[in-house]
Amino acid sequence: MTVNALEAKSFDQPDEKRRPPKTQVDVVTLGDTTLGRFTFEPGWRWSETVKTVVHTDTCQVNHVGICAAGTLTVQMGRRPR
C-alpha cells in the first residue's frame, strides 16, 4: 500500500448518520475506507436492533472494532464449510 495523501475527518461531523433502534452510528469515509463510531444504549442487542433493519440472522459484514468504554460481548457465527 502506498499513501499518496493524508486526509482527516471528524466523527463529530460525519458523512452519514444511521439511527437503528438503541443505536447511533456516525460514519466517515476516507478514500476507500469506511469508518463508523457506534454508540449503543444499555440493553442493546444486534438481534433486536440491527436485525430488524438488515433482515438477516447474523451480520454479513466484516468488521474491525475497538470498545472504548463499557463492555461489549460478541458472538461469532460459524462459517459454512
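Residue numbers run from 1 in the order of the sequence given. Everything numeric here is computed off the predicted structure, so don't read it as measured data. Hydrogens, waters and symmetry mates play no part in the numbers below; they use all other heavy atoms, side chains included.
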When you group the ILVMFWY residues by side-chain heavy-atom contacts below 4.5 Å and let the links chain together, are [Y] and [X] in the same group?
X: Phe40; Y: Met76; result: yes
X: Leu30; Y: Phe11; result: yes
X: Val50; Y: Val74; result: yes

> Which residues satisfy the side chain to side chain contact (heavy atoms under 4.5 Å, CB included) test with Thr56, sequence neighbours excluded?
Replying inline: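 Testing Thr56 for side chain to side chain contact (heavy atoms under 4.5 Å, CB included), a comparison that skips the adjacent residues, returns Trp46, Val54, Gln60.
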
> Of all residues at least two apart in sequence or in a different chain, which pass the side chain to side chain contact (heavy atoms under 4.5 Å, CB included) check with Thr34?
Replying inline: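 Listed in chain order: Val27, Thr29.
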
> Say you draw a straight line from OG1 of Thr23 to CZ of Phe38; how long is it, rounded to the nearest 0.5 Å?
Replying inline: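 Reported value, rounded in 0.5 Å steps: 8.5 Å.
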
> Could you give the distance from CG (Leu72) to CD1 (Ile66), rounded to the nearest 0.5 Å?
Replying inline: 12.0 Å

> Taking Ser47 for the side chain and Arg45 for the main chain, is one N or O donor matched with an acceptor at less than 3.5 Å?
Replying inline: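 No, the answer is negative, given that no donor and acceptor are paired below the 3.5 Å cut-off.
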
>> Test your reading of the model: is there a side-chain donor-acceptor pair from Arg19 to the backbone of Gln24, 3.5 Å cut-off?
In response: no

> Within a radius of less than 6.0 Å around CD of Glu7, do more than 12 heavy atoms belonging to other residues, nucleotides or ligands occur?
Replying inline: yes

> Looking at Asp26 and Arg37, does any basic side-chain N land under 4.0 Å from a carboxylate oxygen?
Replying inline: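 Looking at Asp26 and Arg37, the cut-off is met.
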
> How far apart are the closest heavy atoms of Val53 and Pro20, and which atoms are they?
Replying inline: CG2-CB, 4.2 Å

